[in-house]
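Step one of this worksheet: look at the structure below.
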Amino acid sequence: MPRNKKKMAVILAVVLAACAAAGFIGIRLKNSGTGASADEENTAYVEKVSVLAGNTDGTGMVNRFAGVVESQDTWSVEQKSDSTVKEILVTVGQKVKKGDPLFTYDTDKYNDSLAQAQIDLERLNNEKESINATIAELQKQQRKAKAADQANYTIQIQEQQLAEKQKELDIQSKQADIDKLNDNIAHATVTSEIDGVVKSIRSGTSNADASVSGMQDNSFLTVMKSGDYRIKGSINEQNISQIAEGSPMLVVSRTDSSATWKGTVSKIDTSNPSSGQNNGMSSDMSAGSSSYPFYVELDSSDGLIMGQHVYLEPDVGQTEKKDGLWIPEYLVDETDAENPFVWADKDGKLAKQAVTLGDKDESLGTVEILSGLSESDSIAFPDSSLKEGMRTAPMAEMPADTSVVSGSGTDMESVFSSSAGEEVYGSSVYNDYGTREVRGNDTGTEDAGDNAGQTSGTGEAGSADTEAVG
């Protein structure tokens, strides 16, 4: 089966799952193009049970969000307000160890200021000694003076004592200046306090070059701590209710779907929204909605690397291998609870196939098939318009201008429509999970600015030709 058409079949199942959750009874297929033949209009398109059961590569049909691996902690250093950076010793992306030199300050003015401060300190000490000598002389004269002159000497001595205290304060202040200058000279080279990777270096070497706009960060240089990783994801206001702080999450590699990690949502940062991103189930009302970063703490980060792009899914047990055959519950017609059935392909014709049901998984919306169906069978999505004996065809043969329409007795707007043949998904693709892999302009970017469309029920933004209603 061609890749694009196979992916289309899977994503249709996802869209229909969303419809079922919203209370839609079923779907029917109709050709929305002109000149459709009678055979096309009366064809039931079927898909392999193995695909619909999620038993191809993947973890199931659940909402998925884009994420990136980042450091759990960062260490930043601000530039001293009265200092100029002389030399930057590292570059962005460079690995550093604790104690490694990062940059140096220009100490020329410190040396000049230190020399002047030492002169000033010597002068102040000399002035204090002079005041002490004056006090001693006044006390000597007071002892010899007549009683009538004692009060005058007392006043003079007190004035000199006050001058001495002021001089002591001046000396302490000047000594503090000298200590600071010596410290600046001794620590002219700034070293890293953690092991990590240089994340950013502010352009310019003086404080005048610091940004003064918006969300200002006064850090001159930032180092990301190595070893302790977390995942940063993005979710918009339309689907933010799908996760909560403390809820389990599954992290899936973008390049190897079998590589997964488990974690927990540690924070949903609603205080830092960004506009214009669409990351999840969407409709026209999602246009211009705000997105919020959220963070996932990992049980283990083994195998992950800094900056790696990954997928995030609510962990509802989709990686657990279940015995038996499990399919989405909405694929089974249970109008008669005592006689459930599926619409199955029997040698090119549609027929009701009775099935025996087992347990149900409410979290995944799946039901166990005990008998009556196998993974090699092909079935159609149940709908009141289907009739036994209708011609069947693989989902891969569904014309590009066919729409999937959902309703419960009345016609609804198109939930999913395609109009560009093999290029119906633009520059994005659908993976074997039945969820959306966003590639923007074929670059794999997660930036919503590069992905102009929305996905129904997949949790990511992209440039696909998809719409949702209801």
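By convention here, the first residue in the shown sequence is residue 1.
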**Study point:** Stepwise side chain to side chain contact (heavy atoms under 4.5 Å, CB included) test for Lys262 and Leu250
**Key:** CA-CA 5 Å; Lys262 290 182 178 291; Leu250 185 70; 4.2 Å; yes
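- For Glu137, the side-chain hydrogen bond (donor to acceptor under 3.5 Å, both in side chains) test picks out Gln141, with sequence neighbours left out.
- Counting only heavy atoms from C-beta outward, the side chains of Arg64 and Val252 approach each other to under 4.5 Å.
- Taking 4.5 Å as the limit, some side-chain heavy atom of Leu312 sits within range of a side-chain heavy atom of Val251.
- The line from CG of Asp299 to OG1 of Thr264 is 5.5 Å long, rounded to the nearest 0.5 Å.
- Atom-to-atom distance recorded for Lys48:NZ and Asp377:CG is 7.5 Å, nearest 0.5 angstrom.
- For the pair Val85 and Tyr105, the minimum side-chain heavy-atom distance is below 4.5 Å.
- Separating the OH atom in Tyr292 from the CD1 atom in Ile268 is a distance of 11.0 Å, to the nearest 0.5 Å.
- A search for salt bridge (charged side-chain N to carboxylate O under 4.0 Å, His left out) contacts involving Glu168 returns Lys128, not counting sequence neighbours.
- Residues passing the side-chain contact (heavy atoms from CB on, under 4.5 Å) test with Glu78 are Asn218, sequence neighbours excluded.
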Exercise for review: May I have the step-by-step check of side chain to side chain contact (heavy atoms under 4.5 Å, CB included) for Val332 and Ile369, ending in yes or no?
Suggested key: CA-CA 10 Å; Val332 180; Ile369 304 296; 4.3 Å; yes
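- Contact between Pro293 and Asn272 at its shortest, heavy atoms only, is CD-O, 3.3 Å.
- Here the shortest heavy-atom pairing between Ala244 and Val265 reads O-CB, 3.4 Å.
- Residues satisfying the salt bridge (charged side-chain N to carboxylate O under 4.0 Å, His left out) test with Glu245, not counting sequence neighbours, are none.
- Rounding to the nearest 0.5 Å places CG of Leu114 at 10.5 Å from CG of Leu121.
- Contacts of Trp75 classified as side-chain hydrogen bond (donor to acceptor under 3.5 Å, both in side chains), with partners at least two apart in sequence or in another chain: Glu193.
- Closest approach of Leu304 to Leu298, counting heavy atoms only: CD1-CD1, 3.5 Å.
- Partners of Gln172 by side-chain contact (heavy atoms from CB on, under 4.5 Å), not counting sequence neighbours, listed by chain and number: Leu169.
- Proximity of Ile171 to Asn125: side-chain heavy atoms (C-beta onward) are separated by under 4.5 Å at one or more points.
- Side chain of Ser253 to backbone of Thr255: a donor-acceptor contact under 3.5 angstrom is found.
- In this structure, Lys95 has no side-chain hydrogen bond (donor to acceptor under 3.5 Å, both in side chains) partners at least two apart in sequence or on a different chain.
- Of all non-hydrogen atoms in Trp261 and Ser301, the two that sit nearest each other are NE1-C, 4.3 Å.
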Side-chain donor/acceptor pairs under 3.5 Å, residues 157-167, sequence neighbours excluded:
residue: Gln166; atom: NE2; partner: Asp170; partner atom: OD1; Å: 3.2
residue: Lys167; atom: NZ; partner: Glu127; partner atom: OE1; Å: 2.7

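- Partners of Asp361 by side-chain hydrogen bond (donor to acceptor under 3.5 Å, both in side chains), not counting sequence neighbours, listed by chain and number: Lys322, Ser363.
- Defined by atom type and a distance below 3.5 Å, a donor-acceptor pair is present between the side-chain atoms of Asp179 and Gln175.
- Side-chain contact check for Trp326 versus Val367: every heavy-atom pair is 4.5 Å or farther apart.
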Practice item. Please step through side chain to side chain contact (heavy atoms under 4.5 Å, CB included) for the pair Phe381 and Leu331, ending with a clear verdict. Key: CA-CA 6 Å; Phe381 300 101; Leu331 293 175; 3.2 Å; yes
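- In summary, Glu70 and Arg230 engage in a salt bridge, as defined by a charged side-chain N under 4.0 Å from a carboxylate O.
- Pairs passing the side-chain hydrogen bond (donor to acceptor under 3.5 Å, both in side chains) check and including a residue from residues 107-118, sequence neighbours excluded, read Ser83-Tyr110, Gln116-Asp120.
- The shortest distance between side-chain heavy atoms of Ile194 and Lys98 does not fall below 4.5 Å.
- Residues Val77 and Phe103 have side chains in contact (heavy-atom distance under 4.5 Å, counting atoms from C-beta outward).
- In this pair, Phe294 and Phe65 present their aromatic rings perpendicular. The plane angle is above 60°, beyond the 30 to 60° band.
- Side-chain atoms of Leu52 and Ile327, non-hydrogen and from C-beta on, never get closer than 4.5 Å to each other.
- Shown here for Ile88 and Phe220, the closest heavy-atom pair between the two residues is CD1-CZ, 3.9 Å.
- Taking CD1 of Ile379 as the reference point, atom CE of Met395 lies at 9.5 Å (rounded to 0.5 Å).
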Review point. Is there a side chain to side chain contact (heavy atoms under 4.5 Å, CB included) between Leu221 and Val190 once you walk through the steps?
Key: CA-CA 10 Å; Leu221 187 147; Val190 177; over 6 Å; no
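- Residue pairs satisfying the ring-ring contact (aromatic ring centres under 6.0 Å, His included) criterion with at least one member in residues 152-195, sequence neighbours excluded, are absent.
- The line from CD of Gln79 to OG of Ser219 is 11.5 Å long, rounded to the nearest 0.5 Å.
- For the residue pair Met249 and Pro314, the shortest heavy atom distance occurs at SD-CA, 3.7 Å.
- Applying the salt bridge (charged side-chain N to carboxylate O under 4.0 Å, His left out) criterion to Lys232, with sequence neighbours excluded, gives no partner residue.
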